[in-house]
Amino acid sequence: MNVASLSLRAFRNYRRLDLDFATGVHLFVGANGQGKTNLLEAVYLLSAGSSFRAMRPECLVQHGESLAEVTAMVSEQGQDTQLAFRFGRGLRAARVDETPCRRLSDFVGHLSCVIFSAEDLALISGPPALRRRFLDRIIFGLHSEYLGIARGFSQVLRQRNALLRKLSTTTSPSAESEAFLDAWDEPYIAAAVRVLALRWEVFARLADAVCALHEQISGDVDSLRLSYRASAGAASSAPTEDALRGSLETALRRRRAEEKSRGATLVGPHRDDLAIVLAGREAASHASRGQIKGIVLALKLAEMELYRRYHDRRPVLLVDDVAAEFDRTRSERLFELMAWADQAFVTATSDEVVPRIGARYQVYHVESGSVERRA
Amino acid sequence: MTIARKGTGAFGRLVKELKRIPGIGTKSAERIAFHVVKLPDELAFALSDAIRHLKERVRPCAVCGNLSESNPCEICADEQRRGRALCVVEETNDLWAIESSGAFAGRYHVLGGALSPLDGVGPERLRIGELVQRIQEEAPEEIIVATNPTAEGEATAHYLACLLRPLGVRVTRIARGVPMGGDLEYADPVTMAKALQGRADV
């Protein structure tokens with residue numbers, strides 16, 4: 001799939017911008033702070049309904065304006081879809097082909113993107129929340145119902161945590177507090193199982209793809225292994241819903257006293273992690289910086305592979321500041337990878353990466369909110 | 001209308017009162033207030049009289065919590081409905097929804113909400129003590145828990161089930177499934193899964 005045109009109104013440092021794009025690689029070149037990444041962010045916003053820089057949409061409105069709008073025509077196997085996202089303080093309105101979307105889940109999924117930026121290197125050594133978010137974002141892209149399922153879960157979790165916090169500070173009779181907690185365990189477990197069932201399904205496919213791809217790109221013998229580290233305890237590689245339910249029930253019972261004294265839910269999808277093991281050792285603590293880059297590359301490639309397998313669609317690739325974090329060989333691999341996508345948007349501070357681009361490409365010069373196409 | 005914007009004067013006062021209503025923001029409140037300004041006097045006074053009468057006459061039923069002008073309410077006063085099933089709902093509008101289906105011939109019990117630790121609502125804030133007392137006095141043959149299928153409603157249902165079963169009364173939960181006259185392809189996955197779990201022989 002590809003983005004055929006993109007229009008920005010009062011988005012970040014762009015007052016008004018209209019661009020048409022062919023397929024192939026589009027390289028935005030400019031000094032820092034000129035608005036290169038903002039262009040990738042706009043495309044990503046239409047795919048996920050949120051920024052990859054973890055900002056609320058209203059923060060993306062140009063200073064002094066109250067409303068911003070990002071519009072794009074997306075082309076997929078000859079079918080054009082118009083996506084529009086308007087937002088400002090207290091307003092978010094998404095439209096697909098001029099039809100307003102009642103829920104965000106009706107909007108996401110029309111445009112599939114895989115983003116690759118320097119911040120992604122934190123996926124390996126950063127906190128578990130980053131790895132959960134990586135997996136969750138892939139699931140959002142593959143299963144539109146996951147958005148509602150994840151929201152439902154976080155609502156029950158907040159309720160259960162509020163109750164545990166209250167129990168940890170008051171000295172209510174224990175039989176009574178047990179009954180209060182029992183009441184919330186049932187909806188909590190049901191919501192957690194719905195999240196975990198999709199997590200396990202997508203994780204299993206991701207793990208397979210990552211291992212195969214890592215072997216291809218690293219070319220060395222170091223084997224990469226991914227496993228889902230469940231806070232509810234070890235599980236088989238493909239647990240049934242009954243097994244997920246059973247392990248949650250057991251773990252919640254075992255840790256109830258601890259949960260009550262700490263005032264928080266300690267077992268569930270929000271406490272799980274992905275274990276990334278390279279040649280038998282934890283990658284976060286043992287992998288070199290170069291090895292980490294290779295693993296992240298494999299993760300992103302696997303993400304693209306999953307879109308192909310699930311939806312028979314090749315996502316648009318977004319690569320932020322390609323030269324900064326990648327040495328020559330790895331960025332060459334990265335450019336090879338761009339040929340996998342129908343279309344890629346790439347930012348760089350200089351156009352010295354151009355000779356390495358194998359695919360059809362177009363260079364743009366970006367300077368303080370204006371974008372100029374180079375011949 | 002600078003006076004209205006500042007929220008002072010008679011206009012601002014009405015806007016302020018209207019904004020207390022859930023779902024009414026400043027814009028809607030101002031639109032309603034403008035409408036009231038333009039109304040003929042008798043219609044505007046009829047509106048304020050209606051609000052006054054409602055507040056003077058409608059009270060929660062002392063037995064079930066249903067909103068009614070009589071006490072006990074018409075449903076609790078109906079001897080035909082005595083001794084049958086007791087249907088537990090969160091709010092009066094849920095009661096009206098079930099009542100308008102015509103499919104239930106027992107009595108109701110309005111809890112006045114659902115468990116919600118985030119809002120500080122524990123069992124003591126709901127009319128659960130009254131429910132236990134009614135079960136002991138009226139000895140209904142069944143308790144149908146018809147709280148909403150939300151996390152809060154489910155937790156409330158589970159809490160009630162654990163509390164009431166020891167009293168020796170049958171406790172049931174309303175079924176969840178696909179809506180009548182609807183297309184299966186439009187059912188959300190969670191509802192679909194529940195509908196499959198709760199399938200019945202034909």
Side-chain angles (χ1 to χ4, degrees), chain A residues 89-91 102-103 105-106 139 142-170 172-173 175-195 197-198 201 241-242 245 260 263-265, chain B residues 19 23-28 88 90 111 113-126 128-129 131-132 145 147-167 171 173-174 176 178 184-198:
Chain A
R89 189 185 294 275
L91 172 96
R102 270 194 312 122
R103 291 169 304 185
S105 58
D106 296 333
I139 308 173
L142 301 177
H143 295 277
S144 62
E145 75 268 24
Y146 189 61
L147 205 59
I149 288 174
R151 280 200 184 143
F153 171 75
S154 75
Q155 171 69 6
V156 198
L157 176 64
R158 284 182 343 140
Q159 289 282 19
R160 195 171 182 276
N161 280 343
L163 177 61
L164 284 165
R165 228 174 5 257
K166 189 163 162 261
L167 295 178
S168 72
T169 53
T170 56
S172 54
E176 202 176 38
S177 71
E178 288 295 306
F180 292 174
L181 257 181
D182 282 344
W184 282 98
D185 277 2
E186 183 52 39
Y188 176 76
I189 290 170
V193 166
R194 287 197 282 274
V195 170
L198 279 178
E201 184 210 304
E241 294 203 4
D242 285 342
R245 169 171 285 276
K260 276 161 81 178
T265 302
Chain B
K19 274 170 68 180
I24 305 271
T26 308
K27 279 264 181 285
S28 307
V88 180
E90 291 180 20
L111 291 172
L115 293 177
S116 178
L118 281 171
D119 304 307
V121 180
E124 73 289 346
R125 293 265 297 269
L126 303 174
I128 290 176
L131 175 62
V132 172
V145 183
T147 51
N148 291 318
T150 57
E152 293 75 13
E154 293 295 338
T156 310
H158 206 256
Y159 181 80
L160 288 177
C162 293
L163 184 76
L164 303 181
R165 280 213 181 92
L167 301 178
V171 183
R173 178 90 175 99
I174 51 165
R176 284 148 298 194
V178 288
L184 284 190
E185 63 170 320
Y186 293 120
D188 68 279
V190 176
T191 305
M192 201 56 168
K194 286 285 178 195
L196 278 169
Q197 276 170 22

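Note on naming: letters A, B, ... go to the chains in the order of the sequence lines (proteins, then strands), and numbering restarts at 1 for each one.
Here the straight-line distance linking atom CG of L118(B) with atom CG of L163(A) works out to 10.0 Å at 0.5 Å rounding. Between L198(A) atom CG and I139(A) atom CD1 the span is 6.5 Å, to the nearest 0.5 Å.
Each of P123(B), C162(B), G120(B) has some count of heavy-atom pairs under 4.5 Å with chain A, and the biggest count is that of P123(B). Counting heavy-atom pairs closer than 4.5 Å to chain B, the top-ranked of the candidates A190(A), A183(A), G148(A) is A183(A).
No donor-acceptor pair under 3.5 Å is formed between the side chain of T147(B) and the backbone N or O of E90(B).
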*Start with the C-alpha distance between K260(A) and S168(A), add both sets of side-chain angles, then the distance that settles side chain to side chain donor-acceptor pair (under 3.5 Å), and finish with yes or no.*
CA-CA 5 Å; K260(A) 276 161 81 178; S168(A) 72; over 6 Å; no
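For A179(A), the parts lying near chain B are the backbone and the side chain together; criterion is any non-hydrogen pair under 4.5 Å. Looking at L163(B), neither its backbone nor its side chain comes within 4.5 Å of chain A, counting heavy atoms on both sides. Heavy atoms closer than 4.5 Å to chain B are found in both the backbone and the side chain of Q159(A). Only the side chain of R194(A) comes within contact range of chain B, judged by heavy atoms closer than 4.5 Å.
Heavy-atom contacts from other residues, nucleotides or ligands closer than 6.0 Å to CZ of R103(A) number 12 or fewer.
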